[in-house]
Amino acid sequence: MDELYNPQKIEQEAQQYWEENNSFSVTEDPDKEKFYCLSMFPYPSGQLHMGHVRNYTIGDVISRYQRMRGKNVLQPMGWDAFGMPAENAAIKNKVPPAKWTYENIDYMRTQLKRLGFAYDWGRELATCQPQYYRWEQWLFTRLFEKGLVYKKSAAVNWCPHDQTVLANEQVVDGCCWRCNTPVIRKEIPQWFMRITDYAQELLDDLDKLKDWPERVLAMQRNWIGRSEGVEVYFEVPGHDQPLKVFTTRPDTLMGVTYMAVAAEHPLAREAAQGSEDITLFIARCETMDVSEASLETVEKLGMDTGLKAIHPVSGKDVPIYIANFVLMTYGEGAVMAVPAHDQRDWEFARKYDITIEPVVFPEDGSEPDLQQCAYVEKGVLRNSGEFNGLSSAKAFDAIAEYLEKAGKGQRQVHFRLRDWGVSRQRYWGAPIPIINCPACGPVAVPDTDLPVVLPEDVIVEGTGSPIKKMPSFYETTCPGCGGKAERETDTFDTFMESSWYFARYACADNDTAMLDERVNYWLPVDQYVGGIEHAILHLLYARFYNKLMRDIGLTEIDEPFNALLTQGMVLKDGSKMSKSKGNTVDPQALIDEYGADTARMFTMFAAPPEQSLEWSDDAVAGAHRFLKRLWKLGRSLHGEWAIDLEHASTANIPEAPYDWSNANEEQKAIRRKVHSHLRKANDDMERQQFNTVISAGMQILSTLTQPVPGHSGNSPEEVSQLGPVYKQIRHEGMSILLRMLAPIVPHIAHALWLKLGYSGVVISAPWPMVDTSALQLDEIEIVVQVNGKLRDRIKIPSDADNAAMEKRALASAKVQQHIEGKTIRKTIVVPGKLVNIVAN
RNA sequence: GCCGAGGUGGCGGAAUUGGUAGACGCAGUGGACUCAAAAUCCACCGGUUUCACAACCUUGAGGGUUCGAGUCCCUCCCUCGGUACCA
């Protein structure tokens with residue numbers, strides 16, 4: 001056996017074994033409990049980064065652990081292959097996005113294989129393949145027929161110089177990231193999916209997700225943002241349509257002193273006619289990117305249109321302002337403002353000297369100081385005519401009822417969630433399968449013409465998608481009337497592809513249907529693992545897509561992901577490792593120097609999975625040292641040291657062969673430690689805290705290698721003189737330790753397991769069991785406190801009752817010292833743990 | 001701005017239900033081995049006071065609840081993630 005730990009060699013051997021034996025390819029087996037473990041697939045950016053290593057190691061540890069627990073484990077892998085970086089690389093390097101992407105996939109696949117992940121590679125998919133995206137196009141046409149998709153105008157960031165749409169990320173300080181031209185907001189027609197039709201169900205079903213982190217559920221709940229309120233109609237003289245606004249505080253209606261509309265609102269446009277000031281102001285409002293963060297943090301600006309709305313109750317004139325923080329595409333593009341009871345309205349009113357009219361007052365009769373800030377609490381109404389004296393809650397109903405009776409409003413459930421805009425004016429994405437016919441309007445591409453294949457042999461420039469300039473792509477005939485028509489040249493948001501890949505893995509080879517009956521065996525995903533940055537958008541869209549697929553009869557489940565583990569970020573120098581920030585660490589160097597097991601172990605040991613992990617080059621060495629020590633012990637048990645496992649090798653049950661009847665107290669103490677560390681590791685494995693599983697493993701190794709009484713050293717020569725019981729202890733301990741660590745460092749575990757003498761491989765071995773008889777103790781140590789402060793530790797019989805514990809605690813000299821001259825008021829006993837004596 | 005997390009030694013972190021703060025590892029210091037170095041092994045390793053025994057302080061800051069708070073409550077500060085076209 002090799003003297004030195006040689007990760008490159010043993011990892012290659014283990015991986016070869018798995019490959020030759022198809023160890024991780026699975027099929028549906030109705031007799032076995034299935035376990036579908038899915039890690040979020042990567043964008044093929046070029047190389048794996050540490051975030052991938054962390055994500056995929058977590059998924060792999062869970063998969064291998066579940067396999068050792070006897071489950072039929074599916075762990076697939078694929079590529080989220082459409083996206084902007086391919087276009088950016090194409091512009092920079094003059095390489096077609098497809099070529100760049102497929103080359104990246106090939107390289108990253110070798111990196112994943114080098115890390116030894118237990119994937120069923122037979123199910124690999126890439127979302128840029130027509131055989132994948134054709135089904136998404138097919139589903140979209142079904143949804144088009146069902147009326148679940150529609151076209152409307154929506155704002156995008158537009159660079160007037162490059163004549164192109166910019167992503168929010170491509171807007172830096174309000175300017176284009178390439179040419180630094182100030183970005184403007186532009187409204188263009190786009191396709192939307194009616195996710196709001198599912199808002200209530202998406203909200204309600206969060207309650208079914210018992211094994212999701214509470215933080216993710218909370219974020220999703222707030223994102224969906226259900227609120228009950230009233231839609232109020234404000235008549236505008238000379239206009240047919242009233243100004244419609246939604247409010248959750250109809251009780252403050254009598255305090256409305258102005259209205260605010262978006263710059264794109266028809267009333268704003270109207271006011272601009274003949275007013276240069278307003279025209280300029282609207283232009284200024286449009287020079288802002290469309291992100292919510294900038295919308296909410298920008299300086300609030302407004303301008304009076306001179307137009308008036310009629311208050312629906314008082315009949316008074318209310319001035320209509322244009323405001324830069326109201327967006328046309330959210331809701332109705334207008335809001336009512338109550339400066340006395342809303343802080344943003346209050347600030348705006350102070351700035352533009354608009355009346356602040358208090359109508360809600362604290363119930364205790366006090367007067368809020370509206371010179372300081374708005375009074376936003378609920379209370380009792382005044383200055384509200386017939387509603388005076390009502391509480392906010394009662395006024396809500398009374399005013400809603402008044403408006404409904406008068407035809408000036410109606411109660412409404414409102415969601416913060418907006419419909420999902422899926423159009424992108426980009427090249428590297430799945431073409432939207434719609435044909436625009438001058439006679440028939442938008443028409444779905446018939447099934448027989450799917451997929452609409454994206455041409456891959458293109459040159460991408462900085463000014464718009466190449467397929468928009470390619471008549472061979474967009475010129476076509478209408479499937480309805482046969483006349484000349486044009487294809488949509490927009491492509492889908494890449495969140496479309498990542499919203500259903502989890503289901504496609506169950507039947508990735510099916511070329512006649514999107515999904516088949518195999519999804520009913522594998523779905524839902526039992527454990528989903530991915531970055532916390534996907535807590536809202538990706539997970540919400542995937543949940544939505546699952547419901548769409550269910551309602552079309554493709555799946556049977558309500559929710560796609562049973563349990564969710566959101567790993568923390570991998571940080572370097574305090575911020576997220578990302579290509580755009582240029583602070584990535586290439587894991588390849590780590591693998592080349594130390595091997596895959598060290599890389600895996602480091603990422604699992606450095607932090608618990610849900611916390612962020614600060615990268616440190618130095619800390620890797622400790623993980624590697626541990627593996628070297630593990631190798632050394634494994635080596636010492638090899639050869640003539642291998643225990644007789646004749647009867648164990650047939651059954652492959654490692655617990656079987658040991659006989660502890662001759663063990664002495666020291667030997668029992670070693671076993672007690674090993675099994676108590678194992679018990680800790682079991683608990684931690686179940687709650688997915690892998691760093692302390694490793695910590696327990698380190699302590700087992702250190703327990704096993706401690707010099708034993710009568711033997712000074714730990715060299716193989718000295719160890720070889722140990723008696724048969726010590727030999728058994730080490731063998732049992734190693735058998736436990738290797739299985740405990742096998743999910744985390746599978747290669748070294750594979751190699752050393754074979755040396756222990758078992759016939760099977762460690763991936764097929766069962767997870768180790770705690771021998772509870774090894775844990776028994778005659779005496780335990782408890783803590784004694786006086787007034788909550790630790791004063792002594794005493795040993796008591798393990799079966800001592802509370803009274804005995806108290807008696808022994810009071811007998812302690814140190815305790816006596818601290819209670820001298822005081823009266824004992826109370827004694828608290830925590831069985832088996834602690835006694836606290838309260839005295840003064 | 002809003003929503004969601006996090007803040008514990010020099011560093012990463014542990015403390016599972018309110019019950020011994022600092023497990024395990026990194027770095028550091030001292031020692032063994034060596035001609036020497038590397039590697040390896042052993043010991044020490046939060047702060048202040050003390051010859052010592054020991055005492056006191058300490059989980060971002062301030063307050064509260066409790067016999068007892070890193071853990072629960074309130075206020076504040078800082079960092080990170082998301083904020084709908086980065087994925």
Side-chain angles (χ1 to χ4, degrees), chain A residues 40 42-43 45 80 82-85 156-157 165-171 213-216 218-223 225 289-298 325 343-344 416-421 423-426 493-495 498 531-538 540-541 566 568-569 571 574-576 578-580 605-608 610-616 618-623 625-626 628-629 632 680 683-684 686-687 689 691-692 694-699 702 707 713-714 781-790 793 814 825-828 830 833-839:
Chain A
M40 290 180 187
Y43 177 78
S45 57
D80 188 15
F82 279 134
M84 284 204 309
V156 293
N157 302 309
V165 174
L166 297 177
N168 286 335
E169 190 190 54
Q170 298 172 316
V171 180
E214 198 46 56
R215 58 174 167 166
V216 176
M219 281 190 266
Q220 292 228 345
R221 259 182 215 114
N222 292 332
W223 185 263
D289 72 81
V290 297
S291 72
E292 192 195 289
S294 52
L295 197 66
E296 292 285 334
T297 51
V298 78
F325 55 87
Q343 190 57 26
R344 188 177 69 180
R416 206 189 78 96
L417 180 68
R418 306 194 301 264
D419 274 339
W420 176 13
S423 294
R424 296 293 179 270
Q425 298 69 42
R426 300 185 205 294
D493 176 5
T494 58
F495 274 126
S498 55
I532 183 65
E533 67 271 23
H534 295 294
I536 297 174
L537 292 180
H538 161 63
L540 191 65
Y541 292 144
T566 48
M569 302 278 161
L571 309 177
S575 72
K576 179 187 175 179
S578 71
K579 243 189 159 178
S580 58
F605 185 56
E610 302 211 290
Q611 285 183 30
S612 58
L613 183 156
E614 180 74 27
W615 174 260
S616 142
D618 298 341
V620 174
R625 259 201 293 274
F626 169 76
K628 285 203 282 191
R629 281 197 294 265
K632 202 168 154 188
K680 165 81 175 151
D683 289 351
D684 290 347
E686 281 298 311
R687 66 188 178 118
Q689 184 169 288
N691 55 329
T692 47
I694 293 173
S695 164
M698 287 173 165
Q699 287 173 88
S702 135
N714 206 21
E781 189 181 81
I782 63 160
V783 163
V784 185
Q785 300 177 331
V786 176
N787 294 331
K789 287 199 172 183
L790 173 71
R793 297 160 204 267
K814 289 177 184 168
R825 301 290 172 194
K826 200 172 175 183
T827 308
I828 289 115
V830 181
K833 268 194 169 167
L834 163 150
V835 177
N836 185 17
I837 295 154
V838 185

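Residue numbers begin at 1 in each chain, while the letters A, B, ... track the order of the sequences.
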Give [X] one of three labels, base, sugar-phosphate or nothing, depending on what nucleic acid heavy atoms sit under 4.0 Å from its own.
X         : value
Ser291(A) : sugar-phosphate
Phe495(A) : base
Leu417(A) : base
Arg221(A) : nothing
Val165(A) : base

Review point. Please walk me through it: do Ser702(A) and Gln699(A) pass side-chain hydrogen bond (donor to acceptor under 3.5 Å, both in side chains)?
Key: CA-CA 5 Å; Ser702(A) 135; Gln699(A) 287 173 88; over 6 Å; no

Check your understanding: Could you write out RNA chain B as a dot-bracket string, with dots for unpaired bases, | for bases paired across to another strand, and Watson-Crick or G-U pairs counted at under 3.5 Å?
Key -> (((((((..(((......[....))).(((((.......))))).((((....))))..(((((..]....))))))))))))....

For nucleotides [N] and [M], find the distance between their [atom1] atoms and express it as a whole number of Å.
N      : M      : atom1 : value
A39(B) : C33(B) : C1'   : 11 Å
G46(B) : G25(B) : P     : 15 Å
C53(B) : U34(B) : C1'   : 41 Å
G9(B)  : A23(B) : P     : 13 Å
G70(B) : C57(B) : C1'   : 16 Å
U66(B) : C74(B) : C1'   : 16 Å
C24(B) : A14(B) : P     : 14 Å
A21(B) : A69(B) : C1'   : 11 Å

Between [options], which nucleotide gets closest to the side-chain atoms of [X]?
X         : options                : answer
Met698(A) : G81(B), G25(B), C86(B) : G25(B)
Lys833(A) : G19(B), A84(B), U40(B) : G19(B)
Trp223(A) : C24(B), A87(B), A84(B) : A84(B)
Arg629(A) : U83(B), C41(B), A87(B) : C41(B)
Thr494(A) : C24(B), A87(B), U40(B) : A87(B)

Check your understanding: Who are the salt bridge (charged side-chain N to carboxylate O under 4.0 Å, His left out) partners of Asp80(A), not counting sequence neighbours?
Key ->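 For Asp80(A), no residue satisfies salt bridge (charged side-chain N to carboxylate O under 4.0 Å, His left out) once neighbours in sequence are set aside.
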
Practice item. Name all residues meeting the salt bridge (charged side-chain N to carboxylate O under 4.0 Å, His left out) criterion together with Arg221(A); count only those two or more places apart in sequence or in a different chain, and write none if there are none. Key: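 Arg221(A) satisfies salt bridge (charged side-chain N to carboxylate O under 4.0 Å, His left out) with Asp207(A), Glu214(A) once adjacent residues are dropped.
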
N/O-N/O pairs, protein side and nucleotides 66-73 of chain B side, under 3.5 Å:
residue	atom	partner	partner atom	Å
C67(B)	O2	Asn836(A)	ND2	2.4

Review point. Do Asp289(A) and Ser294(A) get their side chains close enough for a donor-acceptor pair, meaning under 3.5 Å?
Key: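 Their side chains do contain a donor-acceptor pair, which is all the 3.5 Å distance test asks for.
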
Check your understanding: Given that Val156(A) and Ile694(A) both sit by RNA chain B, which one's nearest nucleotide is further toward the 5' end?
Key ->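 First, find each residue's nearest nucleotide; the 5'-ward one identifies Ile694(A).
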
Review point. Does any N or O in the side chain of Asn836(A) come within less than 3.5 Å of the main-chain N or O of Gly788(A), such that one atom is a donor and the other an acceptor?
Key: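 The answer is yes, because a donor-acceptor pair under 3.5 Å joins these two groups.
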
Practice item. Just label G9(B) as syn or anti from its O4'-C1'-N9-C4 or O4'-C1'-N1-C2 angle, using within 90° of 0 for syn. Key: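 Here the answer is syn: the torsion falls within 90° of 0.
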
Exercise for review: Heavy atoms under 4.0 Å is the rule here; annotate nucleotides 4-14 of chain B 5' to 3' with B where the base is hit, S where only the sugar-phosphate is, and - elsewhere.
Suggested key: SS------BSS

Practice item. Mark up nucleotides 54-59 of chain B, 5' to 3', with B wherever a protein heavy atom is under 4.0 angstrom from a base atom, S wherever such an atom reaches only the sugar-phosphate, and - elsewhere. Key: -SSS--

